[in-house]
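Okay, handing you the structure first.
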2 protein chains.
Amino acid sequence: MKKESEELVGVKEIARRANVSIATVDRVLHDRPGVSLKTKEKIQQIIKELNYQPNIVARTLASRKKLKFAIIMPASSEETSYWKAPLDGVLQAEQELRQYGISVEKYLFDQNNRKTFVKQTAALLQQKPDGILLAPMFVEESNQFMQQCREQSIPVVFINSDLPGQSGLAYVGPDLYQSGYLSAHLISYLVRPSDSILMLHITRELEMDHHLLRKEEGFRTYWQEQGYTQELITMHIGQTDTETIRHHISRQLKNSSIRVLFVTNSRVAAVAKVLEELDRTDLLLIGYDFLEDSIVYLKKNVIDFLICQKPQEQAYLGMMALYDKLVLNQPVKSVHFMPIDIITRENYLFYNN
Amino acid sequence: MKKESEELVGVKEIARRANVSIATVDRVLHDRPGVSLKTKEKIQQIIKELNYQPNIVARTLASRKKLKFAIIMPASSEETSYWKAPLDGVLQAEQELRQYGISVEKYLFDQNNRKTFVKQTAALLQQKPDGILLAPMFVEESNQFMQQCREQSIPVVFINSDLPGQSGLAYVGPDLYQSGYLSAHLISYLVRPSDSILMLHITRELEMDHHLLRKEEGFRTYWQEQGYTQELITMHIGQTDTETIRHHISRQLKNSSIRVLFVTNSRVAAVAKVLEELDRTDLLLIGYDFLEDSIVYLKKNVIDFLICQKPQEQAYLGMMALYDKLVLNQPVKSVHFMPIDIITRENYLFYNN
DNA sequence: CTTATATTCGGGTACGTACACGAAATTATC
DNA sequence: GATAATTTCGTGTACGTACCCGAATATAAG
């Protein structure tokens, strides 16, 4: 039962009704000093009555402040091109935000080298950005970085994975636990009682990425809840080259009951390659992320399912969250879980990463 | 290798360089008369050199023209609340576009009554809208409507399903064929060689919605391509009440080899209800759309998968396509297929319709 | 060459908000 | 009660573009 006749009113109308100038109204709107309590309350009253909505277009045009955003995330690498998508999201946001006087500085680091992260954060902070988009890969270092951001009261948005115990402005990314849980459900349709499942964490980071573990946790929980009895073999491969992967996998596959391989990140492409070489494409393979390499194997039926969570959109939405907060002064959802998408040979063409 | 130093230039700078006033530049920009060929070419040259991008914010603020959009789609009904989502998308777009001086008129019809459609289109055209969003349920009537729109040169965007042989400004919706194809793929994982599959079209429209048939086509194509031999039973139920559905289904289920039910639209909720009553929740049930009713059965494991294609976003994007075309003068993708989402008990919480 | 008519252009204001600057009103100080 | 200090407020300009109106220039008609 909203009022339909909400004609768009502006500060001028408010000023007229309050018998003051628009400048005074403006001061009240922005909570700036120089207004007596009495007139302030009167104006606030009128603003509420009229349900005044500032004209964002005019506001943007008149506002001179130029904001600076900074992003820090891993660089796309040989090992995985996953991070190309988030960067694209950032670029898209940059494109749109330019008109609004916002510039974006990009800091990329090597996700296999914590030092590069520390170095880049230092460089970043020197620029004194007004808002930061962060992919917190290294827990310890990120915590320290967050500490500094808090001191300088710069809002930070996380993407891709959360930082346990830290509260930034917002988190935009997957619910990792549920993601693993879903995988288990999917796989439950594919296995027979006598089959075994091989779960693979393939990453160079010694302190295995916490988000891989969260996925495993979700997976195992589902499996237990359902009371399934199939064997569940977990394995961590600390090298990402094909050689090492082949070595480990072929050894495991001597266990002939293994029928499903579940790779907890984008390295599924490497596993697919190995399976093809071993001529074991009969096995079911499930993994993460929409990468070109993986799509090739998806088409060839080597990979059966890819689970994906719109990495580009994560970054884009993260940037927009900063914009909403810093420019529009709007409240921002502190957690924005991305949908859990299941990609197959049939629908990948229509997936926008 | 783009130029980084693209400082934002405006008409003022162009005017200065061309030794003319900004009014003249404006005339060239909008291709208005009153400029000699010589100066026109000079200005166009400079515009190109500077890679001038008009400031959309300022343009919007200064532009007085008020556009009127109109939408026409089925009303959300007792039978299915599917159309609530697209309407929400429209409302969201309306909310955002208000600031830009765009109003939205809504015309809803009864999807079981073609006459209401005709009536509403007539009312719509009297308002002489500048752009139209159309869900073309009735092929014949929609074609006639399109004819009138063409005569009045009003751009039309389709959502939800395309209109064969008609070319509007754009189509935003699912690739129905692929959608059926994917379902078949999904189901292929779930059936044993001796199982049968029951495909159900449940709709009151006599000339069965063409998009249901497109889905069936995709499904059958996959099944043939793969050389599967399972029995595929297709059935059209012309009444949507539980009673009728139960009657037909229980009769079919005497065929004890049926193990999978595939419902080609949102009436899957009704089927789920029937299966529960019949105590046949052991059967696998797959259907369409993210409706509350269906989610209930998804949670209860009666429905196993829902295929969904972001109906809200379809409408939202459709509206924005009109905006891009009519306000920003930007080219619009003529076909925008939505991703094909697979919803399960595990990921439905994170699905935004 | 003068006057009339078309053509080509520039000045100026408006869109709704932000903010600098200074004026007016109020309060404090002696 | 006069002056200073402080508080409170209004005027005016700017943001970049759209477009009205009238002025200047060019072309046509006599």
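Below, chains carry the letters A, B, ... as their sequence lines are ordered, and counting in each starts from 1.
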Gap between atoms CG and P, on A:Leu61 and D:dT17 respectively (whole Å):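 The answer, rounded to whole Å, is 9 Å.
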Separation of atom CD in A:Gln99 from atom P in D:dC15, rounded to whole Å: 16 Å
Presence of A:Ser36 side-chain N/O under 4.0 Å of D:dC9 phosphate oxygens OP1/OP2: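 For D:dC9, OP1 or OP2 has a side-chain N or O of A:Ser36 closer than 4.0 Å.
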Nearest to side-chain heavy atoms of A:Asp26, which nucleotide of D:dG10, C:dA18, D:dC19: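 Between D:dG10, C:dA18, D:dC19, the one nearest the side chain of A:Asp26 would be C:dA18.
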Donor-acceptor pair, side chain of B:Lys68 and main chain of B:Gln127, under 3.5 angstrom: yes
N/O donor-acceptor pair under 3.5 Å between A:Thr60 side chain and A:Ile56 backbone: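 Indeed, once roles are kept as given, a pair shorter than 3.5 Å links the two residues.
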Any A:His30 side-chain N or O less than 4.0 Å from OP1/OP2 of C:dA18: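 For C:dA18, OP1/OP2 do have a side-chain N/O of A:His30 under 4.0 Å.
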Nucleotide nearest B:Val35 when distance is taken to its side chain, options C:dC9, C:dC21, D:dG16: C:dC9
Geometric class of the B:Tyr171/B:Phe337 ring pair [parallel <30°, tilted 30-60°, perpendicular >60°]: perpendicular
Sugar-phosphate only, base, or nothing, as touched by B:Gly34 at under 4.0 Å among non-hydrogen atoms: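 Base contact - B:Gly34 has a heavy atom under 4.0 Å of at least one base atom.
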Closest-nucleotide ordering on DNA chain C, the 5'-leading residue of B:Lys40 and A:Ala58: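 Looking at the nearest nucleotide for each, B:Lys40 comes out on the 5' side.
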Sugar-phosphate only, base, or nothing, as touched by B:Val57 at under 4.0 Å among non-hydrogen atoms: nothing
Close side-chain approach of A:Trp83 to A:Leu87, heavy-atom, < 4.5 Å: no
N or O in side chain of A:Tyr52 less than 4.0 angstrom from C:dT17 OP1/OP2: yes
D:dA18 phosphate, OP1 or OP2, under 4.0 Å from B:Arg59 side-chain N/O: yes
D:dC9 phosphate, OP1 or OP2, under 4.0 Å from A:Thr24 side-chain N/O: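 For D:dC9, OP1/OP2 do not have a side-chain N/O of A:Thr24 under 4.0 Å.
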Gap between atoms CG and P, on A:Asp31 and D:dT8 respectively (whole Å):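 Distance check: A:Asp31 CG to D:dT8 P gives 14 Å.
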Proximal nucleotide (of D:dC21, D:dG16, D:dC19) relative to the B:Arg32 side chain: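 Side chain of B:Arg32 sits closest to D:dC19.
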Atom-pair distance (CD on A:Glu41; P on D:dC9), nearest Å: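 Result: 12 Å.
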Distance test, side-chain N/O of B:Arg27 to OP1/OP2 of C:dT8, below 4.0 Å: no
Nearest-Å distance for atom pair CG/P, residues B:Leu29 and C:dC9: 15 Å
Flag for A:Glu151-A:Gln147: side-chain donor and acceptor within less than 3.5 Å: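 Checked: A:Gln147/A:Glu151 side chains pair up, N/O donor to acceptor below 3.5 Å.
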Proximity to the side chain of B:Lys12 - top-ranked nucleotide from D:dG16, D:dC19, C:dA18: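 Of all the options, the side chain of B:Lys12 is nearest to D:dG16.
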Nearest-nucleotide comparison on DNA chain D, the residue closer to the 5′ end among A:Leu37 and A:Ala23: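 Mapping each residue to its closest nucleotide by heavy atoms, the 5'-most match is A:Leu37.
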Minimum-distance nucleotide (side-chain atoms of A:Ser21 versus C:dG10, D:dT17, D:dT11):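 Nearest listed nucleotide: D:dT11.
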Sugar-phosphate, base or nothing in reach of A:Pro54, heavy atoms under 4.0 Å: sugar-phosphate
Spacing of B:Tyr100 atom OH relative to D:dT17 atom P, expressed in whole Å: 16 Å
Listed nucleotide nearest any side-chain atom of B:Asn55, set C:dA18, D:dG16, D:dG10: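 Closest of the options to the side chain of B:Asn55: D:dG16.
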Exercise: do B:Tyr82 and B:Asn160 side chains pair donor with acceptor under 3.5 Å: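 A pair is found: one side chain offers a donor N or O, the other an acceptor, under 3.5 Å apart.
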Closest-nucleotide 5' rank along DNA chain C - winner of B:Ser63 and B:Thr39: B:Thr39
Between D:dC15 (C1') and A:Ile22 (CD1): distance, integer Å: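 Answer to the nearest Å: 14 Å.
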